[in-house]
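Notes to accompany the following structure.
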Amino acid sequence: MKLNTSKRTRGFKDLFVQKSFIITVCILVMLPFMALVIRAIFGHDPDPTVWEHSIKNVVPDVLFNTISLSLLTLLFSTVFGLASAWLYSLTDFKFKKSLHFLSVIPLIYPLYVLAFIYVGLFEYSGPVMTFFRETLDIKLHQVINIKSTPAVAFVFSLGLFPYMYLLTRQAFDSQGDHLFKVSRSLGLSKIESFIKVSLPMARPWILGGMAIILMETMADFGGVSVFNFDTFTTAIYESWTGMFSLSTATKLSSILIFIALIVLTAESKLTEKQRYNVKLKSSKGYQFTLKKLNLSLAYLWILFLVLFTIIIPVSQLYVWCIESLELSSIGHNLPYLYNTIKIAFICAILAVVISTLVTAGTKLIHSRKWERISKLSTLGYAIPGSIIAVAVFSLFSNIKSVIGEDLDQNTFLYLVLVLGLLTRFLSLAFKNMNTSFKKISRNVDKAAISMGASPRLILAKIYLPLLKGGMISAFLMVFIEVMKEMPMTLMLRPFGQDTLSVKIYEFTSEGDWQRAALPALFIVCAGAISVLIMTFATTWSRKSP
């Protein structure tokens with residue numbers, strides 16, 4: 001009797017700790033945004049004419065541009081990601097390793113790097129348009145406008161479709177071929193089975209990828225700035241730095257926060273009732289056999305990825321680096337590389353630990369209400385880094401003034417920078433871990449609890465061994481994204497802690513593409529190494545028991 005009472009007491013304590021941790025994380029993420037919204041609604045506006053001008057002349061255009069760019073980028077990214085995931089997981093395509101590498105390698109490119117590469121190549125005075133105009137007497141610029149909405153969305157999708165590929169491939173790999181065979185035995189064709197069985201089962205993963213792509217597109221500042229494409233982020237930055245109206249910037253940010261909440265709520269509503277028990281190890285057969293026409297299309301897809309994700313970006317960066325290469329410039333950028341890797345590593349470790357504990361807690365609590373509460377921690381991904389920087393810095397500056405000035409300013413800025421980056425990119429780790437947890441049946445939890453296992457024991461002995469691949473993917477996704485983050489690092493970096501993205505901003509703001517190419521190449525190379533590690537580590541985790 002005493003033993004049962006002790007177990008019950010321990011269960012209550014563990015449940016209390018889990019809920020307390022989830023609430024603490026959500027509060028830390030939400031506090032800056034709540035302060036921002038309160039300031040936008042109730043704060044004093046010294047010059048209300050700026051907001052009146054913005055609401056009449058700016059908001060309608062940037063709202064249309066933001067929505068159109070986000071939807072087109074989502075469309076292209078979904079098509080690209082599903083094509084690669086389908087080829088990799090469901091066909092007998094021989095070049096799977098090459099396809100996987102080509103489908104994740106775009107993660108190494110910041111959107112602003114891809115943007116200035118393709119703008120430099122395809123603008124009117126660029127080498128491509130000049131060649132067609134002067135050599136072939138073809139006015140290609142009348143057909144291809146690199147700064148049009150479809151062109152911007154295409155370039156963005158080159159950098160964002162790996163999110164859709166990774167999550168969808170994870171879904172297809174975990175399905176097995178049992179239900180597919182059953183649907184075939186009932187008279188459905190292979191295409192019908194894929195559309196009616198495989199895709200619906202992968203819906204939570206697909207919707208998770210869509211949410212990430214939408215939030216990433218809405219929050220981008222560097223890429224749209226290179227294209228001179230006005231969105232909410234550029235309007236916020238212009239209101240803040242050009243019109244010197246922080247009040248207008250916070251009000252525009254509040255609109256973006258509201259849009260982000262709509263996206264997160266829609267994704268949550270569409271996936272919260274779906275539960276799939278999938279087999280982690282099953283007799284996986286290939287559902288589609290590629291014949292001549294489809295095989296030719298697959299080779300064309302490989303060629304497309306090679307051309308637009310490796311040959312064009314890397315060769316252009318290489319040309320720019322050669323034009324301004326000096327040995328001293330390489331050594332000069334090494335401290336920036338070290339600072340970048342250090343910040344990215346710290347943030348990635350913390351993001352994986354926090355997201356694992358939050359998702360494990362919500363799974364053990366087994367409550368839809370707590371699932372919704374935990375998803376509040378992912379709001380920051382849809383907010384521009386510059387706005388998070390202002391919100392976090394303002395909030396913690398007030399806290400610092402209350403607790404005292406003993407904390408060193410550089411240490412304070414470093415802590416604020418890490419908190420801001422975690423707020424921004426916790427969503428990536430959360431999405432990876434949440435989709436990984438969906439593969440663990442609720443019956444596993446019930447069996448462990450019935451045998452007297454505590455939540456800590458379940459996490460250590462059951463969850464963690466099954467989540468190795470998801471944790472590795474989450475770590476490297478956050479690592480790469482922190483390396484690429486520009487506005488927040490630019491605004492919150494401690495003195496003497498410049499990163500590669502900061503140097504790229506300084507050079508590109510002066511139009512010095514050649515000098516910006518070397519730190520950009522450093523980011524690309526570091527990201528490529530991370531992707532290789534992710535590929536091999538994920539393969540290892542699948543083979544290990």
Residue pair Y163, M210: steps toward the side chain to side chain contact (heavy atoms under 4.5 Å, CB included) verdict: CA-CA 8 Å; Y163 296 125; M210 286 182 171; over 6 Å; no

I'd like to know whether V314 forms a side chain to side chain contact (heavy atoms under 4.5 Å, CB included) with I311, so could you lay out the CA-CA distance, the side-chain angles of the two residues, the decisive distance to 0.1 Å, and finally the verdict. CA-CA 6 Å; V314 174; I311 293 178; over 6 Å; no

I would like to know whether F425 and M477 meet side chain to side chain contact (heavy atoms under 4.5 Å, CB included); could you show each step before the answer? CA-CA 9 Å; F425 296 115; M477 275 190 174; over 6 Å; no

Would you please test L69 and V224 for side chain to side chain contact (heavy atoms under 4.5 Å, CB included) and show each step? CA-CA 10 Å; L69 177 63; V224 291; 3.9 Å; yes

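The number of heavy-atom neighbours closer than 6.0 Å to OH of Y299, taken from other residues, nucleotides and ligands shown, is above 12. With a 6.0 Å radius and a threshold of 12 heavy atoms from other residues, nucleotides or ligands, K94 has its NZ atom at or below the threshold.
With hydrogens and angles disregarded, no donor-acceptor distance shorter than 3.5 Å links the side chain of T168 to the backbone of Y165. For the pair T66 (side chain) and L63 (backbone), a donor-acceptor distance under 3.5 Å is absent. A donor-acceptor distance shorter than 3.5 angstrom exists from the side chain of K484 to the backbone of L107, with no hydrogens or angles considered. A distance-only check finds no donor-acceptor pair linking the side chain of K147 to the backbone of F229 [under 3.5 Å].
I388 approaches G420 most closely through the heavy-atom pair CG2-O, 3.8 Å. Residues G222 and Y112 come closest through the heavy atom pair C-CB, 3.6 Å. Considering all non-hydrogen atoms of both residues, L167 and G208 come closest at CD1-C, 3.9 Å. Considering all non-hydrogen atoms of both residues, P60 and S54 come closest at CD-O, 4.4 Å. Taking all atoms of both residues into account, the shortest heavy-atom contact from M488 to L417 is O-CD1, 4.0 Å. Minimum interatomic distance between S68 and T149 (heavy atoms only, all atoms of both residues): OG-CG2, 3.9 Å.
Residues I146 and F227 meet the side-chain proximity criterion, which asks for heavy atoms closer than 4.5 Å. Considering only heavy atoms from C-beta on, F154 stays 4.5 Å or farther from L72 through its side chain. Put simply, the side chain of I117 reaches to within 4.5 Å of the side chain of W320, judged on heavy atoms. T217 places none of its side-chain heavy atoms less than 4.5 Å from the side chain of L74. Residues E485 and I343 fail the side-chain proximity criterion, which asks for heavy atoms closer than 4.5 Å. No side-chain heavy atom of F132 sits under 4.5 Å from any side-chain heavy atom of K139. Looking at I138 and V143, their side chains never come closer than 4.5 Å, going by heavy atoms from C-beta outward. You'll find the side chain of T135 reaches within 4.5 Å of the side chain of F131, heavy atoms only.
Within the model, atoms CZ of R424 and OG1 of T489 stand 10.5 Å from one another, a figure rounded to the nearest 0.5 Å. Taken to the nearest 0.5 Å, the CG atom of L111 stands 5.5 Å off from the CD atom of E216. Put simply, CG on L421 and CG on L426 are 11.5 Å apart, with the number rounded to the nearest 0.5 Å. Note that the OG1 atom of T499 and the CD1 atom of I523 stand 7.0 Å from one another [nearest 0.5 Å]. A distance of 6.5 Å separates CG in D230 from CG in N65, rounded to the nearest 0.5 Å. Between the OG atom of S501 and the CG atom of N339 there is a distance of 10.5 Å, given to the nearest 0.5 Å.
Judged by the 6.0 Å and 45° rule, R493 forms no cation-pi pair with Y414. Taking the ring centre of Y88 as origin, the terminal cationic atom of K96 falls inside the region bounded by 6.0 Å and 45° from the ring axis.
Just one of L500, D498, I504 meets the side chain to side chain contact (heavy atoms under 4.5 Å, CB included) condition when paired with V502; it is D498.
Residues F80 and F304 place their aromatic rings such that the two centres sit under 6.0 Å apart. In this structure, the ring of F475 has its center less than 6.0 angstrom from the ring center of F345. If you look at F76 and F156, their ring centroids are not closer than 6.0 Å.
The aromatic rings of Y336 and H332 stand perpendicular to each other, their planes meeting at an angle above 60°, with 30° marking the opposite boundary.
In summary, the side chains of S84 and S103 do present a donor paired with an acceptor at a separation below 3.5 Å, with no hydrogens or angles considered.
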